[in-house]
Amino acid sequence: MSEQFSVNRELFDDVMVPNYAPSAVIPVRGQGSRMWDQQNKEYVDFAGGIAVNCLGHCHPALVGALQKQSEKIWHLSNVMTNEPALRLAKKLVDSTFADKVYFANSGAESNEAALKLARRWALDIHGSDKTQIIAFNQGFHGRTFFTVTVGGQAAYSDGFGPKPGDIVHAEYNNLDSVRALISDNTCAIMIEPLQGEGGIVSPTDEFIKGVRALCDKHNALLIFDEVQTGAGRLGPLYAYMDLGVTPDILTSAKGLGGGIPIGAMLTTTDIAKHLKVGTHGSTYGGNPLACAVGEAVIDIINTPEVQSGVKAKAQTFINGLHAINAKYDVFKEIRGKGLLIGAVLNDNYQGKAKDFLVAAMEEGVMTLVAGANVIRFAPSLVIPDEDIIEGLARFEKAVAKIAP
Ligand SMILES: *Cc1c(COP(=O)(O)O)cnc(C)c1O
C-alpha cells in the first residue's frame with residue numbers, strides 16, 4: 001500500500017460521519033461463505049451482508065456477469081433503456097404476479113416508489129381523501145424520510161422535523177388492530193411478509209389473509225416489502241408465493257443484486273399506469289451493471305435446485321442451533337423461514353444479542369442481530385454444508401464463553 005496513513009478502524013472515527021458504529025474487524029476479501037480480514041483471520045459468513053450476499057462472495061457467475069458488462073457499457077441514464085434492464089425485468093415479470101417493473105438502487109428507494117405510486121393511484125382514481133397508509137409496529141422499510149416514517153420505530157423517524165402525514169401503525173399479527181384503523185380513506189397497507197429487522201416474526205395464515213381481505217374490502221393497495229424476504233431467502237423466489245396471498249405491489253432489493261446495489265418495484269399494468277412519464281425517476285435505477293448482475297442472480301436462484309437447497313440447509317442450521325441450545329440453554333425459540341433464522345434469547349440473556357455477535361466474531365463466525373434479543377442468521381443460499389457445520393461449531397464456542 002502506498003497511502004501515507006493507516007487504513008484501520010480508527011480512521012473511521014476520523015473521517016466518517018458518526019451514524020454507524022462498525023465492528024473493529026475490516027474484511028478485505030471473501031470467497032463463497034468464507035471471508036478474511038486485514039490480519040488474514042478467516043471467518044465463516046452467516047451474516048451475508050445483512051441478507052444481501054445470497055450467493056456468497058465472488059460467485060463466479062456474478063463476477064463473470066459484472067466483468068462482461070463492465071467491458072460493454074456502464075451507464076446510460078433513463079433517456080435510454082438498456083438490454084440488461086430489459087432482460088431482468090422480463091425475467092421478473094415472467095416469474096411473478098407482476099406485469100411491470102421499476103428499478104431503483106436500494107430497498108428504501110423501491111419502497112419510496114411503491115408508496116408514491118400508491119398515493120398517486122389513490123389520488124387519480126379515488127380523489128384527495130384516500131391518503132392513509134397503514135404499516136406495522138417494528139416494521140422496517142428503509143431510511144428515506146417517507147419510508148422511515150412508514151417504518152414502525154418512531155425513534156428512527158423522530159428528530160428530523162415534520163414527517164410525511166397520514167401514516168398510522170397497527171400491530172403485526174393482530175388483525176383487529178388493522179380493522180380498527182382501516183377505512184375507505186386507506187390508500188395502502190405496507191407490510192413485510194415476515195418481519196426481518198423487527199425480530200424474525202412470521203405472519204399467521206389468518207393474519208396475512210385477513211390483511212388482504214381488508215385491503216379488498218376498502219379498495220386499498222397491499223404492498224409487500226420483500227426487500228429482505230425476497231430473492232429466494234425464504235425458499236420460494238418471493239415469500240408471497242408460499243402464503244396464498246398476492247400483493248398489488250412488491251418491492252425487492254438486498255438479495256436481488258447479490259451484493260450489487262439494485263432495487264425493484266413490481267406491480268400490475270393497471271396500477272403501474274399511474275406513474276406516468278415524469279412522475280418519478282432515478283439516475284442510476286436500472287443501470288446496465290447492476291441489472292446484468294441481477295439477471296445472473298435470478299438465473300441461479302430461480303431454480304428448483306437452489307430453492308430446495310435452501311430448505312435442506314435451513315434444516316441443518318436449525319438442528320445445529322437446537323443441539324447447541326440443548327447443551328447451553330440460551331434460546332427460548334428458534335424461528336424464521338428458509339435461510340432467515342432467528343434464535344431468540346431466553347430470559348437469562350435478555351438484551352444480550354450483541355454480546356453473542358461479538359463473541360461469535362472473535363471465534364471466527366459472522367452473525368447478525370434483529371433487535372436486542374434475537375440473533376439472526378442470513379447466510380448464502382448456496383452455503384456448503386461443511387461451512388454451516390464449521391460456522392456452528394465456532395458459534396458454539398462463542399455461546400460457551402457467554403453461557404458456561
Ligand atoms: C433492508 C431493508 C430495507 C431497506 O433497504 P436499503 O437497501 O437499506 O434501503 C427495506 N425494507 C426491508 C424489509 C429491509 O430489510
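In this chain, numbering begins with 1 at the start of the sequence shown. These values consider heavy atoms only, across backbone and side chains, with no hydrogens, waters or symmetry-generated copies. Every number for a ligand or one of its atoms is a count from 1 in the order of the listing. It should be emphasised that the depicted structure is a prediction, and the values quoted were computed from it without experimental measurement.
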Original post:
Is atom 5 (O) of ligand 1 close to the protein, meaning a heavy atom under 4.0 Å from it?
Top reply: yes
**OP:** Please write down residue, atom name and distance for the protein heavy atom closest to atom 10 (C) of ligand 1.
**Re:** His141 C, 3.3 Å
Original post:
At a 4.0 Å threshold, what atoms of ligand 1 neighbour a non-hydrogen atom of Ser106?
Top reply: 7 (O), 9 (O)
Original post:
What part of Lys254, side chain from CB on, backbone N/CA/C/O, both or neither, has a heavy atom under 4.0 Å from ligand 1?
Top reply: side chain
Original post:
Quick one: which ligand 1 atoms are inside 4.0 Å of a heavy atom on Glu192?
Top reply: 13 (C)
Original post:
Should Arg120 and Asp124 count as an ion pair when the cut-off is N to O under 4.0 Å?
Top reply: no
Subject >> Salt bridge flag under 4.0 Å for residues Arg233 and Glu226 >> reply: no
**OP:** Please determine if Arg394 and Glu42 form a salt bridge, counting it only when a charged side-chain N lies under 4.0 Å from a carboxylate O.
**Re:** yes
Subject >> Ring centre gap for His169 and Phe136 strictly below 6.0 Å >> reply: no
Subject >> Interfacing atoms of ligand 1 (cut-off 4.0 Å, heavy-atom, Asn111) >> reply: 10 (C), 11 (N)
**OP:** Before giving the answer on ring-ring contact (aromatic ring centres under 6.0 Å, His included), spell out for Phe317 and Phe46 the whole-Å C-alpha distance, their side-chain angles and the decisive distance to 0.1 Å.
**Re:** CA-CA 10 Å; Phe317 234 101; Phe46 287 168; 4.7 Å; yes
Subject >> Asp225, any N or O under 3.5 Å of ligand 1 N or O >> reply: yes
**OP:** May I ask you to check whether Tyr238 and Phe97 place their ring centers less than 6.0 Å from one another?
**Re:** no
**OP:** Flag the pair Lys313 and Asp385 as a salt bridge only when some basic side-chain nitrogen lies within less than 4.0 angstrom of an acidic carboxylate oxygen.
**Re:** yes
Original post:
Which ligand 1 atoms does Gly107 reach within 4.0 Å, using its non-hydrogen atoms?
Top reply: 5 (O), 6 (P), 7 (O), 9 (O)
Subject >> Under 4.0 Å to a heavy atom of Ala108 - the qualifying atoms of ligand 1, by number >> reply: 4 (C), 5 (O), 6 (P), 9 (O)
Original post:
Among pairs that include at least one residue of residues 54-79, which meet side-chain hydrogen bond (donor to acceptor under 3.5 Å, both in side chains), considering only residues two or more places apart or in two chains?
Top reply: Asp45-His57
Original post:
Within the structure, does Ala253 bring an N/O atom to less than 3.5 angstrom of an N/O atom in ligand 1?
Top reply: no
Original post:
Between Gln228 and ligand 1, is there a nitrogen or oxygen pair with a distance under 3.5 Å?
Top reply: yes
Original post:
N/O of Gly142 under 3.5 Å from N/O of ligand 1, yes or no?
Top reply: no
